Amino acid sequence: MDAFHALSLGGAKFNKKRFQSQVQLFSGKAGESSSSRPLKRTKDDAELPPELDFFKYDKGGKQTRADSDKEESSDNESDDEARATKKRKLNDDKDAAPTPASHRVTTKGQDVPQSLVSFAALKDRFDVSSRLLQNLADCGYKTPTGVQEYGIPILLAGRDLAAISPTGTGKTLAYTLPIFASLKSPASRSQDIAAAGVRAVILAPTRELAGQIYNECLKLAQGRKWRIVLFSKATATTLADKDVRDKIDIIISTPLRLVACLKSETLELDNVRHLVLDEADRLLDTEFLEQVQEIFAACSHKELRTAVFSATLPAGVEEMAMQMMRNPIRIVVGLKDTPLPLIAQSLVYVSSESSKLLTLLQHLGQPYVPPLLVFVSTQPRAGSLAEELVLHDVPNVDCLHAGMSKKEREDAVTRMRNGESWVMITTEVMARGMDFKGVRGVINYDFPQSVQSYIHRIGRTGRAGQTGTAITYFTDADAPYLKSIANVLLQSGSPVPEWIMKLPKPSKMKRRMMGKVKRGDDVSPAARITKGDTKKRRDMIAGSKRRKAREGEAVDADVGEASS
DNA sequence: AAAAAAC
């Protein structure tokens, strides 16, 4: 057994411990039965922990916001009541992780408005309507989170904003609330000609996320005649009528859908005052960039305010975003690119495709809290893994990827929200922004392709102060990227086996993986594997084939050094 | 690097 194997066993052992503690945790609630089925939940289950009760959420009812994610974020402290609530909550919740010292809010920019002490303060400070505050309360929002505390006053002061805040910390409300508050009243109610036409646009990278934001908007809009439009092919056709267009207040859309309307001139954005890019780094990715720029250009009103939000914002993208905006303020909650410590993360070595499946089946054979989110790299893999699990009698397996029809996708989301899905197999489409209240576990079946992807994927759990578990499978082919992900684990307080941290620098490892493996004296773990069993060798070759194919090189050519 | 959006 070579070094890599010995060491990776260490990794596996470490993980088994995690599993054990998890099982113990569950057996307390689930009783002594060693049933291989997940804990069953019903609507009337009195013992249902509040965080699992997304039936309530679905009806737009109460949901408790945990405030541990805004720990000690301001000097002008929140009122005693909030503190007391916080304490009570922490005492009640035995799952609560120790609160991080690193959860401060840092701001950068000129004349940063004072942070928001409480939602109630909105009335006096910004003349926010009682109706809106009531809706807020009805949704169960009690105290602002860090990003809300700072972001809301900044947006209400009419400033441009770049907000970086971890997954599940309430970014959506941080921009929807100011939009409603500053639009004051629906266009349909106003006699003012200047108020006619779309005044706010929210962009999101996926339909599902756009839909979710739309639902959040509807909750805040309760009782008033706001026209909020979730853009789709169907709604786009109704825009031919200018009177219809003029009565719209807020549009929520994916970029291309909106661009199509601009092109066909069935939509004007020249009265837009608020443009929000949710998942901004994704929207400023090369594939979206041109579309977003087109939309940005169409928002020609001189009072346009732009805000970008994400849990991750790489430096280059941030610079681009900052240049789009005027005198922007930047806020960062916690440490950039660091997930919440509420998410217990682990890495699991799986040698081959078949042992990946086996590992997952084993995991599903033990009691777990459904639903579980399982990420894979491609649409076909999502489909076939779902089939495979069904064949292995795993109950309530579900699947969602962008290759499915609109209806299929909507149904899958509904099943997820209703708690009918226990194991949801999905792709990157679900990685960002989606908020399913009960998700306590995420499995990266296929290794994420970037640190950003990793952070967003695991961020589907550990939301709004709840704890979660994220398990990431890795194979030999993932070795070059393993260390960068491992660094994320370390930074957010999850343990990493020491051998992983001793791996060579990613770039170096990548080059080795790409064709330098024939060097017999190479003792690097990654290189040694290929000398071992044939299956691994095949995997490795497949990996480097893929890499080389991208560069348009012959498979046998040694492009390792040349490409860097 | 690759799947993500939508037509």
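Numbered from 1 within each chain, the chains take letters A, B, ... in sequence-line order. In this text the structure is predicted, and so the values were computed from the model without any measurement. For the numbers below, each heavy atom of this structure counts, side chains included, while hydrogens, waters and symmetry mates do not.
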Does the side chain to side chain donor-acceptor pair (under 3.5 Å) test come out yes or no for A/S165 and A/T169, once each step is laid out?
-> CA-CA 7 Å; A/S165 182; A/T169 57; 2.6 Å; yes
OP1 or OP2 of [N] versus the side-chain N and O atoms of [X]: is any pair under 4.0 Å?
| X | N | value |
| --- | --- | --- |
| A/R207 | B/dA6 | yes |
| A/T427 | B/dA4 | yes |
| A/T206 | B/dA5 | no |
| A/R457 | B/dA3 | no |

For A/R199, the option from A/D246, A/D249, A/D270 that meets salt bridge (charged side-chain N to carboxylate O under 4.0 Å, His left out) = A/D249
Taking atom [atom2] of [N] as reference, at what distance in whole Å does atom [atom1] of [X] sit?
| X | N | atom1 | atom2 | value |
| --- | --- | --- | --- | --- |
| A/E428 | B/dA6 | CD | C1' | 18 Å |
| A/E287 | B/dA5 | CD | P | 11 Å |
| A/R381 | B/dA4 | CZ | P | 13 Å |
| A/D278 | B/dA4 | CG | P | 19 Å |
| A/L203 | B/dA5 | CG | P | 15 Å |
| A/F288 | B/dA3 | CZ | P | 15 Å |
| A/M404 | B/dA4 | CE | C1' | 15 Å |
| A/I295 | B/dA6 | CD1 | P | 12 Å |

Contact list for residues 442-463 of chain A, test ring pair (Phe, Tyr, Trp, His ring centres under 6.0 Å), sequence neighbours left out | A/Y445-A/Y473
Between A/T475 and A/D478, is any side-chain donor less than 3.5 angstrom from a side-chain acceptor?
-> yes
In terms of side-chain heavy atoms, does A/T312 have a donor or acceptor partner in A/D281 at a distance below 3.5 Å?
-> yes
Check every strand shown and say whether A/S450 touches a base, only sugar-phosphate, or nothing at a heavy-atom separation below 4.0 Å.
-> base
Counting any heavy atom closer than 4.0 Å, what does A/P205 reach on the DNA or RNA strands: base, sugar-phosphate only, or nothing?
-> sugar-phosphate
Does any N or O donor sit under 3.5 Å from an N or O acceptor when you compare the side chain of A/Q379 with the base of B/dA3?
-> no
Please state whether the base of B/dA4 and the side chain of A/R282 form at least one donor-acceptor pair under 3.5 Å?
-> yes
